[in-house]
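What you see is a predicted model, and the numbers here were worked out from it, not measured in a lab.
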Number of protein chains: 2
Amino acid sequence: MTHTEKGNNISNATIARMPGYLRYLRDAKSAGRDYLSSSTIAKDMAISSVLVRKDLALVSSAPGRPRYGFEVAGLIRDIEKFLGYDNLSAAVVVGAGGLGKAFLGYEGFQNYGLNIIAAFDIRRTEESVRGKPVYPMELLPSFIRENNIKLGIITVPKASAQAVCNALVQSGIRGIWNFANTQLSVPSSVVVKNVDLAASLALLSGELAGLLQQEK
Amino acid sequence: MTHTEKGNNISNATIARMPGYLRYLRDAKSAGRDYLSSSTIAKDMAISSVLVRKDLALVSSAPGRPRYGFEVAGLIRDIEKFLGYDNLSAAVVVGAGGLGKAFLGYEGFQNYGLNIIAAFDIRRTEESVRGKPVYPMELLPSFIRENNIKLGIITVPKASAQAVCNALVQSGIRGIWNFANTQLSVPSSVVVKNVDLAASLALLSGELAGLLQQEK
DNA sequence: ATACAATCGATAAAAAAATATCGAATGTAG
DNA sequence: CTACATTCGATATTTTTTTATCGATTGTAT
C-alpha cells in the first residue's frame, strides 16, 4: 500500500487531490504562469493554503520561495512522476459497450498516463473505434502477455465482471479499473480500483435534495 | 449542506458509502435474504461492522434485532429515500460524444434515481440513441423549462464546459454532474459535483506503481 | 426454565485529516 | 540601508472519521 520506494505514507485523500493540482498547474503553465504561491492555488481550487503546501511537500522536494511561491514546471514534473504518469502505461478495456467505446475514443487519458491500446468484447460489433482495434475475447490472454499489459479496464455488465476479472488476472494483469457495479475478488497481488458513479451521484443528489428542500 | 429536513449532519464519507450498501442489499434481497446482520454486511463489503451499524443508524430508524440483524427491505427503502431515489429525477445530458452517448444508453442509472430523458449537442450526428432523442443546443433552454428539469450532466470538452454550464444555469438547472475536467463557476444556488476519472485513476496507478516497485 | 451465542447500540478511544499559528526567509519600496 | 509585506515550512490544535469495547437484548438449544 506504500506509494513510493521510499515507503512514504501518503494518504489517499492527498493522492486523490493530485490530479486536481496537476490539471490546475498545467492550465496555469499554458496561461504563462511560471510561479504560483500556495495561497493562489488554494484560492483557485477552493481549499486551504496550508493543505496545498502540505500536499505539495509530500510529493515534491522543490522548495517554495518566499515572495515567489513554487515553480510551476517543477511541480508538474514531480506530480507526474509521483503518479507514475511519466512512464505511460498501456491498458486494455474489456467490454466494448457504450462506456468502453467512450474510453477507447477518449484521448484525454493520455494526459494522465493511460494509453488504451485495444478493446475486447464477446460480441464484436465493430472492428475498431477511432483507429483502435476491438478484438474478440479469445485473444485477450495472448494479447496481454505479448504486450506485457499491466492494466485492465472492466466495462462489462455486472454479471460477467468477475469472469472477465479472472481472465485478466490469469493473463498477468496487475491493476484493474472496475466500472462494473460489483465487488471483484482478486489475489492480493492485484490492485482493484472501483469507480462508483452512483457514489458521486449520491453526493450530488443528496446536496440537491437538501437545497430544494430548504426553499419549500 | 445539510442533507435532510431534520438537519442531520451526515458526513460525505457516509453518504458516499450508501450506494454501496444499496447495491449490496438489493443483490442480497434478490438472492432471497430477508435479514442481514451488520457483521455479515461488513464481511462482504470489507468494512467494519461498527461502521455498518453507525452508517445504517444514520439513515434508517429501523432497529436491528439481536440474533437476526436488520430487515433488508426496510434498509433498502430507507436508503433510497435518504438518497432521494424514491422520486426519480429527470435529467438531460449535454454533449453527445462517447461518454454522453454511453450515459444516454445506460439504463442502470434508473436504479439510482436518475432518468436521462434527452441529450443535446452542437453537432447532432444522430437523431436518437436507444430511443432517447438528441437535440440541437438551441432547444436546450426551452426543453429544460418546459419539462422542469433540475439536473444536467455535462460531458462536453473542457473548452466549452463553462458555456454549457452557464446555459444550464440560466435555464433553471439546480444540479450539475460535471465530467469535464475543469472547475465550473456557478451561483451558490446551484450544486456541482465533479467526477474526476483521473483522480480514481491516480489512486490505482499509485498503488500499482508501489506494487510493481516492491517486486524489483 | 436456563444457559448460551449472536447481535445490537451506545460510549470511549484511536487514528486520520484538515486547519490554525507563528517564526524565519526574502524580495520590494521608500 | 531599513522597514515591510508576502510566503514558506514546521509545529500544534481542532475536527472528522474509524475502530474498539462492553453491557443489554433476544432467539435457540438443552
Side-chain angles (χ1 to χ4, degrees), chain A residues 1-3 7-18 20-21 24-25 28 33-75 78-79 199 202-203 206-207, chain B residues 1-3 7-18 20-21 24-25 28 33-75 78-79 199 202-203 206-207:
Chain A
M1 196 68 86
T2 61
H3 190 262
N8 291 350
N9 203 1
I10 299 187
S11 77
N12 277 0
T14 293
I15 298 175
R17 275 190 295 271
M18 284 301 151
Y21 291 122
Y24 173 80
L25 293 168
R33 305 296 305 266
D34 287 332
Y35 283 84
L36 281 172
S37 73
S38 61
S39 46
T40 305
I41 299 174
K43 187 163 58 61
D44 291 344
M45 295 186 60
I47 54 182
S48 99
S49 65
V50 182
L51 191 53
V52 172
R53 289 202 295 277
K54 229 177 143 194
D55 282 344
L56 295 182
L58 287 170
V59 303
S60 172
S61 53
R65 292 167 62 197
R67 291 279 303 182
Y68 270 63
F70 297 87
E71 195 209 346
V72 176
L75 290 181
D78 288 343
I79 294 176
L203 291 171
E207 288 178 38
Chain B
M1 196 69 83
T2 62
H3 191 263
N8 291 349
N9 203 1
I10 299 186
S11 77
N12 277 0
T14 293
I15 297 175
R17 275 190 295 272
M18 284 301 151
Y21 290 122
Y24 173 81
L25 293 168
R33 306 295 306 266
D34 288 332
Y35 283 85
L36 281 172
S37 73
S38 61
S39 46
T40 304
I41 299 174
K43 187 163 58 60
D44 291 344
M45 295 185 60
I47 53 181
S48 98
S49 65
V50 182
L51 191 52
V52 172
R53 290 202 294 278
K54 229 176 144 194
D55 282 344
L56 295 182
L58 287 169
V59 303
S60 172
S61 53
R65 292 166 60 196
R67 290 277 306 179
Y68 269 64
F70 296 86
E71 196 208 347
V72 176
L75 289 181
D78 287 344
I79 294 176
L203 289 170
E207 288 178 39

Can you measure [X] atom [atom1] to [N] atom [atom2] for me and round it to whole angstrom units?
X     : N      : atom1 : atom2 : result
A/F70 : D/dC8  : CZ    : P     : 5 Å
B/L75 : C/dT7  : CG    : C1'   : 14 Å
B/L51 : C/dG9  : CG    : P     : 15 Å
A/I15 : C/dA16 : CD1   : P     : 14 Å
A/I41 : D/dT7  : CD1   : P     : 11 Å
A/L58 : C/dA18 : CG    : C1'   : 13 Å
A/L56 : D/dC8  : CG    : C1'   : 12 Å
A/E71 : D/dC8  : CD    : C1'   : 16 Å

| said: For A/M18 and A/V59: C-alpha separation, side-chain torsions, deciding distance, then whether side-chain contact (heavy atoms from CB on, under 4.5 Å) applies. | reply: CA-CA 9 Å; A/M18 284 301 151; A/V59 303; 3.6 Å; yes
Using a cut-off of strictly less than 4.0 Å, decide whether [X] has a side-chain nitrogen or oxygen near OP1 or OP2 of [N].
X     : N      : answer
A/S38 : D/dC8  : yes
B/R17 : D/dT18 : yes
A/S48 : C/dA18 : no
A/R53 : D/dC8  : yes

Taking N or O atoms only and anything under 3.5 Å, show me the protein contacts with nucleotides 24-30 of chain D, one pair per line.
{"residue": "D/dG27", "atom": "OP1", "partner": "B/R65", "partner atom": "NH2", "Å": "3.4"}

Here the gap from A/L58 atom CG to A/S11 atom OG, rounded to the nearest 0.5 Å, amounts to 7.5 Å
One should read off an interatomic distance between A/L25 CG and A/F70 CZ, to the nearest 0.5 angstrom, of 10.5 Å
task: May I ask you to say what B/T14 touches in the nucleic acid, namely base, sugar-phosphate or nothing, with a heavy-atom cut-off under 4.0 Å?
output: nothing
Testing D/dT19, D/dT17, C/dA20 for proximity to the side chain of B/V50, the answer is D/dT19
Closest non-hydrogen atoms of B/S49 and B/S39, given as atom of the first, atom of the second and distance, are CB-CA, 3.8 Å
Measure the shortest side-chain to side-chain distance between B/T14 and B/K54 over non-hydrogen atoms and say whether it is less than 4.5 angstrom. no
*Under a 4.5 Å cut-off applied to non-hydrogen side-chain atoms, are B/Y21 and B/I41 in contact?*
yes
- Walk me through it: do B/Y24 and B/D44 pass the test side-chain contact (heavy atoms from CB on, under 4.5 Å)? CA-CA 9 Å; B/Y24 173 81; B/D44 291 344; 2.5 Å; yes
Walking DNA chain C from its 5' end, the first of B/T40 and B/K54 to be reached, judged by nearest nucleotide, is B/T40
